[in-house]
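To start, the structure under review is shown below, and the notes come after it.
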Amino acid sequence: MIKLAFADLRDHILVWVGAFAVALACGYVGGWVASLAASASTCESLRDLGWVVLVFSAIAAMAVIVSVANLTVAAQRRSYALWRLANVDPRLVSLVVLVQLAAVAVLGAACGTLIESVTFVPLFPWVFDSPNYRSIDQAALDVGVSLMPLVWLAVVGAFLVGGSKGARLAGKTEPIVILREREAKGRGMTWVRGALFVGVLVGICRLSAFMAEADPGAVVSSSLYPPILIMTLLAVAAPLMLPALMRAWTAIVPQRCGGVWQLARRFACYGLAASVSIETPIMVGFGFAASIFSLSGLLGIYAQQQDMADLSTSLDWTSSVLLLGGPVLLCSVGAAAGVVMSSRSRARDVAVLSVSGVGSAALLAAAAWEAFIHAVNATLLGMLAVLASEAIVANAAGLSLFDGLAFTEGLVVSVVGFGLVLVSTLVPTCIALRRRTFSAFRTHG
């Protein structure tokens with residue numbers, strides 16, 4: 001079994017590179033949490049800051065890991081079908097997939113913590129450069145090497161949990177069906193996702209009721225929870241909400257926009273696993289960035305009304321990095337990894353369309369429009385999350401929904417995500433077209 005697992009890893013290295021990159025990013029962020037905890041012996045507040053990094057990054061990490069792990073399995077369904085046709089036991093197929101996920105996760109996490117161990121001390125003064133954190137800047141730093149295995153175990157556990165559904169499907173799906181269909185048809189929300197969705201939704205309702213009757217101090221201290229819970233809720237429901245939203249708004253675009261737009265829409269809507277894995281990181285990144293900055297503006301207005309002169313609500317450089325650095329890094333890597341992992345099927349589609357007479361310019365334009373569709377779709381759902389969290393806090397503060405609302409910072413994340421997805425879609429398309437050109441030259445030669 002071990003030989004089969006690692007031989008398959010070698011044969012599908014391009015698919016697993018994306019999962020490795022996500023594991024590396026998780027290891028790097030987790031390494032920072034471990035190093036902050038290890039350095040807390042001389043500065044206790046570093047432990048609290050480490051928890052802040054962990055909470056915000058963990059939500060982004062789980063959203064990215066679940067989508068990327070499932071995409072990793074979905075991209076190799078044909079290989080697993082061949083195993084089934086060769087009478088490999090379904091349970092063994094599922095076990096091999098889990099072994100592969102664990103191996104890639106521990107290797108990526110180890111590399112991420114290694115990079116973090118080298119960069120933690122040089123980057124620490126740069127991260128804690130804001131005036132409010134100058135005392136922390138003088139703390140005795142400890143990389144916390146002894147804590148790094150805990151980071152590896154956490155990343156491996158997250159990958160195993162995130163890829164468990166895909167591993168079960170790899171072993172249970174009938175092989176002939178896999179060979180005939182490009183992607184398994186959606187089965188709706190699993191009972192685990194459903195239970196988590198209901199639990200988080202109940203938590204949001206109870207938090208909203210509590211904040212509506214709370215005193216000003218409790219409103220301020222509880223204001224970070226709505227963005228966290230709402231982003232968790234949308235991440236859980238993303239496999240259902242993102243495809244439905246994409247089909248809805250892209251269908252409104254008039255047919256006269258041309259065949260290139262329609263081709264890009266079909267590309268984006270057809271591969272649901274790839275679409276969700278690409279868009280979920282951008283949605284989470286936009287949602288966190290816009291929610292935090294909107295919350296900062298809203299609490300600033302609220303503090304003035306309540307005469308809380310000593311309450312600082314503005315986000316300085318250090319606060320922004322601690323709150324958003326991990327989620328933005330994880331989401332950027334996750335969005336790019338999702339496209340890279342589906343590049344093989346993209347190259348196959350480009351080759352078929354090229355043979356059918358679709359020009360190179362049209363295929364490149366369709367790839368660019370597809371990246372645009374993914375970025376816009378993720379941003380629209382992220383805006384819904386921002387408005388929902390803003391509504392909860394604004395209702396508790398007795399302010400308008402639009403007081404302090406800020407989308408600019410979130411749009412920066414969306415633009416970065418669009419750029420990464422654009423590069424990741426254009427490169428495989430160009431490579432496929434180039435191979436097609438070389439094949440034509442060899443044929444005519």
Side-chain angles (χ1 to χ4, degrees), residues 67 71 74-75 181-183 185-186 234 238-283 285-286 331-332 334-384 407 410-437:
S67 58
L71 177 60
E181 298 181 0
R182 173 180 170 179
E183 183 174 313
K185 295 180 180 179
L234 289 187
L240 292 180
M241 297 184 68
L242 285 172
L245 179 62
M246 181 188 294
R247 293 192 181 99
W249 75 266
T250 54
I252 299 175
V253 178
Q255 295 286 336
R256 62 176 178 270
C257 287
V260 171
W261 170 264
Q262 298 302 325
L263 182 61
R265 181 177 184 270
R266 292 297 297 272
F267 271 144
C269 293
Y270 187 58
L272 296 183
S275 295
V276 172
S277 68
I278 294 167
E279 294 170 13
T280 299
I282 299 176
M283 175 197 75
F286 174 91
C331 293
S332 300
V339 183
V340 172
M341 292 164 66
S342 58
S343 60
R344 180 172 296 182
S345 62
R346 176 179 301 278
R348 195 163 50 239
D349 294 339
V350 170
V352 171
L353 290 170
S354 180
V355 171
S356 303
V358 181
S360 299
L363 290 171
L364 291 173
W369 277 115
E370 182 188 355
F372 176 79
I373 289 174
H374 286 311
V376 170
N377 198 56
T379 301
L380 290 176
L381 194 56
M383 287 181 175
L384 177 62
F407 285 147
L411 289 175
V412 172
V413 177
S414 295
V415 170
V416 172
F418 167 70
L420 292 172
V421 175
L422 179 63
V423 172
S424 301
T425 54
L426 288 179
V427 169
T429 303
C430 292
I431 292 175
L433 291 173
R434 188 177 181 184
R435 288 175 179 172
R436 171 68 182 165
T437 303

Tell me the closest heavy-atom pair linking [X] and [Y], and the distance in Å.
{"X": "Phe418", "Y": "Ala375", "answer": "CB-CB, 3.7 Å"}
{"X": "Gly382", "Y": "Met283", "answer": "N-CG, 3.8 Å"}
{"X": "Ala367", "Y": "Thr425", "answer": "O-OG1, 3.4 Å"}
{"X": "Ala335", "Y": "Ile278", "answer": "CB-O, 3.8 Å"}
{"X": "Ile373", "Y": "Ala268", "answer": "CG2-CB, 4.0 Å"}
{"X": "Val276", "Y": "Ser67", "answer": "O-CB, 4.3 Å"}

Handout entry: Derivation of the side chain to side chain contact (heavy atoms under 4.5 Å, CB included) call for Leu384 and Leu381
Key = CA-CA 5 Å; Leu384 177 62; Leu381 194 56; 3.9 Å; yes

Quick one: pull up [atom1] in [X] and [atom2] in [Y] and give me the separation to the nearest 0.5 Å.
{"X": "Glu370", "Y": "Leu422", "atom1": "CD", "atom2": "CG", "result": "10.5 Å"}
{"X": "Thr250", "Y": "Leu245", "atom1": "OG1", "atom2": "CG", "result": "8.5 Å"}
{"X": "Ile282", "Y": "Ser414", "atom1": "CD1", "atom2": "OG", "result": "7.0 Å"}
{"X": "His374", "Y": "Thr280", "atom1": "NE2", "atom2": "OG1", "result": "11.0 Å"}
{"X": "Trp369", "Y": "Leu263", "atom1": "CH2", "atom2": "CG", "result": "13.0 Å"}
{"X": "Glu279", "Y": "Leu242", "atom1": "CD", "atom2": "CG", "result": "5.0 Å"}

